[in-house]
Colleague: 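Submitted below is the structure of interest, expressed as structure tokens.
Here is the naming used below: chain letters follow the sequence lines, and residue numbers restart at 1 for every chain. What you see is a predicted model, and the numbers here were worked out from it, not measured in a lab.
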Amino acid sequence: MNSRNLILVLVGIAALIAAPLGQGNYVIYVLCSWLIFSIAAMGLNLTLGYAGQVSLAQAAFMGIGAYTTALLTMAGVHWIFAAPAAMVLCFVIGLVLGYPALRVQHHFLAFVTLAFSTLTFLVLRNEEWLTGGSLGLVGIMRPKFLGFDTMPQLHFYYFTLAVFVLVALLFWGLVHSPWGRAFKALRENPIRANSLGVDIRRMTLLAFAIGSALGGLAGALAAPLVQFIDPPAFSLMHSLKILLMVVVGGSGYFFGPILGAGLVIVMPEFLRFTEGYYLMIYAAMVLVLMIVCPTGLIGLGRKFASQFKGRSVRGDLKEGAKL
Amino acid sequence: MTEFLQVVLSGLATGSIYALAAIGFTLLWQASQTINFAQGEFVMLPAFFVLIGMHVLGMPLIAAMIFALILSLILLGVIFKKFVIEPMLPHGTLPIVMATIALGILMKETVKEFYSAEAQPYPSLVADRTLDFFGAAVSTQDILNLVVSMLVVVALQFFLSGTRTGRSMQATAQNPQVAEILGVNIKRMVLYTFLINAALAAVASFLISPIYLAKFSNGEPIGLVAFIAAIVGGFNQIRGALVGGLLIGVVDNLAAIYVSAQYRAAVPLILLIVIILVRPQGLLGKAEGRAV
């Protein structure tokens, strides 16, 4: 990262620290859910943008993370242990789901995850003894850290922000490590990557499992934010929403999902005056964006920038991410 | 035993409608690598064209159905191909997936906002009676569904393998480059595929709406079942989609009676996962070999 970008990132973090000051509870809530969905979308970006696999179960992993965290914290386990447990669970489920799906043709993970997200919804709704059924779980406590109580909305925001920055740093490190380069290599040209000694299946599986674990972490943050969870919050529709975040922002770009999550979360607030037409306008916008520029908003921005500077489009995205 | 027979028969009737949607889905995939996530909405929409024809324009049922069929061919066939899929083809499958998801939401919301959010009664072509079939009660609607969809499938199969145009379409699906060298107008063949898909969706819509009523949210379960049917049967085969559709219809019905109503929706999904594990090319599909 060069120094200009470093300054931009520091300014961004400073803006995130200053953003909630003087705002009401609702605005802070919207900011929190932006950060949380950014984490889930970053995880999906690893699966989709870097390893080139479509997962339609990111919200289901959020659900598993949220229910695990909620059940553990309500049983008296501290969040700091509950959240990693949720992530490990999602990681393992990711491995179990991905192993057979990645054995066969490339688009199968999409269908397996599609089925999995519906199954998760059914289990969450029907197993009342564990999940509370369609009534959900109520009264999830927000964690305390050495006297720092996250109960006030502003405190919870800073807690979420800290987790977000930590995850973003680790993610940045991951995608710039040899692993991250291997992920990209198998998206761009799997045969060549394979010939250079990258174990395609193992790396794809790993990317999917890590992505799923990040979904679990997002769920672990979402449960104490809302303090109430029920199955519809993690349905297939929300998985599609997270997928849209990644693609609209720009899959395969580090900041793409963060931008995309911002748009998907904040847009309803701006389009509130349109009332029932909101989803229609939104869907139409996505449709047009996909037709005009399939690399998402960041790709669109780069396209304009390169026209002025005369620079070519990033080579690894010329072909577009493939299913 | 009577109950079993009854459940299987009505499962076959619903399954044959699923098969229509699944076949359209498979055809689109073969011809243009389009995974149409809006397929369920494609089946939901034509019923509303019929309702508009009848209640807004005052047409009789048959005229309204023809009106709806033509509208479907134009909107879900030509417009969908020219303005949604074609510009995205060079960018691979992912943008198409996203765009069809968005299109599905758009169609659903448009119907909800501009027609109605309530389930609409939909006229059937036959008087609603039940017939006795070896002790099992079968409704006339079920028989109509089974007969019409089987006729459509047979006609389609005949068209694809018995006519020159149909064989050109198959060639285009199997190997577009070679087909073009041999003088097949690929673009036109792909357009035909989209038109056939639109027509299949319209027929499925006319048949299923009298049972489930016409509702904006009908598409989601139908789309999911069409997927599952296509994969279970074999993604690269029309026969596969047919068998898959019938199988899912029957399994779904049996599960509702003999497993549990709560987990009814889970049974086809479990079937899907088992098939992917054991026989990834589908029941009737041919292995394509690893893509990489």
Colleague: Kindly give the heavy-atom pair with the smallest separation between B:A102 and A:L287, and that separation in Å.
Modeller: CB-N, 4.1 Å
Colleague: Mark yes when over 12 heavy atoms from residues, nucleotides or ligands other than B:E113 sit less than 6.0 Å from its CD; otherwise mark no.
Modeller: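 Counting neighbours around CD of B:E113, more than 12 heavy atoms of other residues, nucleotides or ligands fall under 6.0 Å, so yes.
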Colleague: Going from CG on A:L56 to CZ on B:F37, what distance comes out if it is rounded to the nearest 0.5 angstrom?
Modeller: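 Rounded to the nearest 0.5 Å, the CG-CZ separation comes to 5.0 Å.
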Colleague: A:A284, A:G296, A:A115: which one forms the most heavy-atom pairs within less than 4.5 Å of chain B?
Modeller: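 Top count of heavy-atom pairs under 4.5 Å with chain B: A:A115.
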Colleague: May I ask you to test the B:I105-A:M280 pair for a side-chain heavy-atom distance under 4.5 Å?
Modeller: no
Colleague: Output all residues satisfying side-chain contact (heavy atoms from CB on, under 4.5 Å) with A:T118, sequence neighbours left out; order by chain, then residue number.
Modeller: B:L224, B:L269
Colleague: Hey, what do you get for OG (A:S235) to CD (B:E220), rounding to the nearest 0.5 Å?
Modeller: 7.5 Å
Colleague: Let me confirm one number: the OG1-CE distance from B:T100 to A:M290, rounded to the nearest 0.5 Å.
Modeller: 11.0 Å
Colleague: Let me know if B:L106 has heavy atoms under 4.5 Å from chain A in its side chain, its backbone, both or neither.
Modeller: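 It is both, since atoms from each part get that close.
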Colleague: At a heavy-atom distance under 4.5 Å, which candidate from A:V123, A:L236, A:L289 has the highest pair count against chain B?
Modeller: A:V123
Colleague: Can you tell me which portion of B:L272 sits under 4.5 Å from chain A's heavy atoms? Options are side chain, backbone, both or neither.
Modeller: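 The side chain, not the backbone.
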Colleague: Return the set of residues passing side-chain contact (heavy atoms from CB on, under 4.5 Å) with B:V7 (not counting sequence neighbours), or none when no residue passes.
Modeller: B:E3, B:N253, B:L254, B:I257
Colleague: Hey, which of A:V248, A:L122, A:V286, A:L114 has the most heavy atom pairs under 4.5 Å with chain B?
Modeller: A:L122
Colleague: With a 4.5 angstrom heavy-atom cut-off, which part of B:F227 approaches chain A: side chain, backbone, both or neither?
Modeller: side chain
Colleague: Residues of residues 76-87 of chain B under 4.5 Å from chain A (heavy atom pairs)?
Modeller: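 Residues B:F83, B:V84, B:P87 are the ones that qualify, each having a heavy atom under 4.5 Å from chain A.
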Colleague: With a 4.5 angstrom heavy-atom cut-off, could you sort out which part of A:I281 is near chain B: side chain, backbone, both or neither?
Modeller: neither
Colleague: Under 4.5 Å heavy-atom distance to chain B, tell me which part of A:M237 shows up: side chain, backbone, both or neither.
Modeller: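 Only the side chain of A:M237 comes within 4.5 Å of chain B.
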Colleague: Would you mind checking which part of A:V288 comes under 4.5 Å of any heavy atom in chain B, side chain (CB onward), backbone (N, CA, C, O), both or neither?
Modeller: neither
Colleague: Should the heavy atoms of other residues, nucleotides or ligands under 6.0 Å from CD of B:E118 be counted, would the total exceed 12?
Modeller: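 Open: at most 12 neighbouring heavy atoms sit under 6.0 Å from CD of B:E118.
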Colleague: side-chain contact (heavy atoms from CB on, under 4.5 Å) with B:V267: which residues, sequence neighbours excluded?
Modeller: B:V251, B:A255
Colleague: Drop me the distance from B:Y263's OH to A:N126's CG, to the nearest 0.5 angstrom.
Modeller: 4.5 Å
